[in-house]
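Atoms within a ligand are numbered from 1 in the order they appear, just like the ligands themselves.
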Amino acid sequence: MGSALFTNWSGTAVSKPQVVAVPRNLDELQEVLTNHDRYPSPVRAAGSFHSLTACFETTGTQVLMKSFDKIEVDRASQTITVGAAVSMVKIRDALRPHGMQTEVTPEIGNATAGSVACGGTKDASIRNGLGQVASTVVGVKMVNPIGEVESITADENPDRLFEIRSSYGLLGVIFEVTFRTQPAVTLAYDYRNFRLDPPPTRAELLGGADGMLSFAQPYANRIIVERRFVVGNGEVVPSRFSRLKRRVRDKTWESGVSTLPTLLPFNWLYNAQDHSLAYQLQVLRGLGGYRGRRYDSTIDFNFKRRSFFDFSFWAIPASRWAQFAPTYRRFCEDFRRETGFRSSLPSEVYWMAQDRNSLLSPSVDEDVFTMDPVDTRPNDQLWDELNRRFNILAAGFGGRPLLNQTKHLTRELVQQTLGKDWDRFVAIRDEEDAGERLLNGYFRGLIQPNNVQT
Ligand SMILES: Cc1cc2nc3c(=O)[nH]c(=O)nc-3n(C[C@H](O)[C@H](O)[C@H](O)COP(=O)(O)OP(=O)(O)OC[C@H]3O[C@@H](n4cnc5c(N)ncnc54)[C@H](O)[C@@H]3O)c2cc1C
């Protein structure tokens, strides 16, 4: 135990706990929750600190779940059960020899099982499939605020799991998670460019593909779509050339695109890089695109690097896309005209199917397009201001946020966008943790009036 300081990956959120607890087993974890003298409140579990907000922060006790690292694949029930500390990359690697994959395979390979089981994630839906990892969770074991162990399964306690899947560590510290799995699939990837205004329809973007991730370039009035076609099961072996092209794409996104803008933080460079990225991806298309297993989209965004980027998140109802896309472009242009600031990287646009598996799901009412502005100057004041204004715009379009990925939320915004679902969650939290054992300043700010979060 001792004083410590933790920052998130992009350096925008900080935690300064009085005590760092690293429980080695369940008894020690229960002791952390019950011994208030030794482990001051609030008790906040942390995974790999890849959240974009201060959702993990605490001035009390930071719980690191490192010792909860078991991995058990159950082929008969098509599930994998892991300790809370196990990352998405490790889950992928454990399933690979069995020809299996998780049902949702987000790019972030560092996110840990404990975090994704109770927090927001996003991935491109394949054929109306799920886009949030928590929705594929069929079992959770956790220690609640009064130190009791709760074992929750989709079969026996579906309503409870519905609450836990978007509880962000406010209802308990998770120590074990069971995910549903499925046979691995191989995807073919291809690229097309469209104008952002007037925007292409979803059908035009998809062009018959099974899923897509797009890169919106509002300052170039362009949207580049990465189409994903299912071409077979995981036994289809991509050629060496395909694997090479895949690696180039991943490296470009993991660090390539952020290196130059970090070294040369000028709008002329960002403008040039917009065009260069569109050109590079068209070259990739000209070379026949590439094939890769779906689970290969998981990337290791480690802390040892020279350039970082920061992003925010909003899920926009698909029915509002035609009005939203041109408005977003004008919003970005107007902000640049007024302040001189433009975001340095393209905004990520996932298409995710409607999903009612968690109380605070971002796609609860209908399918959504996400819009994630991305920038290489994480603590720049104008980047912060752009996101604050974007929050108001997205909320006006019926957008829904993720509390671990949407920056600068306020209680009013959360109330406006999550509405009665938020009221219900707050009521559950109030009842189960009246003593505020797990409630940190970040979430208190979203529950009480007049607070702005990082
Ligand atoms: C470069 C980068 C790329 C990203 N790409 C994607 C992406 O493609 N898709 C996507 O969905 N997200 C992406 N993210 C966001 C990231 O996946 C999420 O923020 C995720 O929650 C981070 O997981 P973590 O293990 O780091 O959790 P942390 O940030 O450490 O914690 C997140 C929350 O979970 C709680 N928590 C952690 N462990 C437990 C536990 N055992 N029990 C209870 N509560 C717990 C914490 O208290 C906190 O509230 C990306 C982030 C970065 C920095």
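Side-chain atoms of Q273 come within 3.5 Å of backbone N or O of V257 as a donor-acceptor pair. A donor-acceptor contact shorter than 3.5 Å links the side chain of N387 to the backbone of W383.
An N or O contact shorter than 3.5 Å links S51 to ligand 1 by distance. Every N/O-N/O distance between N110 and ligand 1 stays at or above 3.5 Å. Checked by distance only, ligand 1 and V173 stay at 3.5 Å or farther apart across all their nitrogen or oxygen atoms. Ligand 1 has no N or O atom lying under 3.5 Å from any N or O atom of W9, backbone or side chain. Residue A45 has at least one nitrogen or oxygen atom sitting less than 3.5 Å from a nitrogen or oxygen atom of ligand 1, judged on distance alone. Ligand 1 has a nitrogen or oxygen under 3.5 angstrom from a nitrogen or oxygen of I174. At least one N/O-N/O distance between F49 and ligand 1 falls below 3.5 Å.
For the pair R388 and F390, the NZ or CZ position fails the cation-pi test of under 6.0 Å to the six-membered ring centre and within 45 degrees of the ring normal. For the pair R227 and Y189, the cation-pi test (distance below 6.0 Å, angle within 45°) is failed.
When hydrogens are left out, the protein atom nearest atom 25 (O) of ligand 1 is T112 OG1, 2.7 Å; that is the closest non-hydrogen contact. At the top of the distance list for atom 49 (O) of ligand 1, counting protein heavy atoms only, stands R44 NH2, 3.0 Å. In terms of protein heavy-atom proximity, atom 48 (C) of ligand 1 is closest to C55 SG, 3.6 Å. Annotation: atom 44 (N) of ligand 1 to nearest protein heavy atom, G169 CA, 3.3 Å. In this structure, the protein non-hydrogen atom closest to atom 27 (O) of ligand 1 is S115 OG, 3.1 Å. Of the protein's non-hydrogen atoms, G47 N, 2.7 Å is the one closest to atom 30 (O) of ligand 1. Considering only non-hydrogen protein atoms, atom 9 (N) of ligand 1 sits nearest to K122 O, 3.2 Å. For atom 51 (C) of ligand 1, the closest non-hydrogen atom of the protein is H50 O, 3.2 Å.
Summarising the contacts of atom 4 (C) of ligand 1 with N8, T58, I108, the nearest heavy atom is found in I108. Residue nearest to atom 50 (C) of ligand 1, selected from F313, F311, Y442: F311 (by heavy-atom distance).
When each atom of ligand 1 is checked for a heavy atom of Y350 under 4.0 Å away, the hits are 8 (O). Using a 4.0 Å cut-off to heavy atoms of C118, the atoms of ligand 1 that qualify are 43 (C), 44 (N).
Checking each of S258, S344, S343 against T376 for a side chain to side chain donor-acceptor pair (under 3.5 Å) leaves exactly one that passes, namely S344. Each of T112, T102, N110 was checked for a side-chain contact (heavy atoms from CB on, under 4.5 Å) with M88, and the lone residue meeting it is T102.
Contacts between Q405 and ligand 1 below 4.0 angstrom, taking non-hydrogen atoms only, involve the side chain exclusively. Here S87 has no heavy atoms under 4.0 Å from ligand 1, in either its backbone or its side chain. Neither the backbone nor the side chain of F175 has any atom closer than 4.0 Å to an atom of ligand 1 (non-hydrogen atoms only).
Partners of D93 by side-chain hydrogen bond (donor to acceptor under 3.5 Å, both in side chains), not counting sequence neighbours, listed by chain and number: R96.
The pair E226-R192 does not count as a salt bridge, with every side-chain nitrogen at least 4.0 angstrom from each carboxylate oxygen.
Listed by first and then second residue, the salt bridge (Lys or Arg N to Asp or Glu O under 4.0 Å) pairs that reach into residues 308-318 are D310-K407, sequence neighbours excluded.
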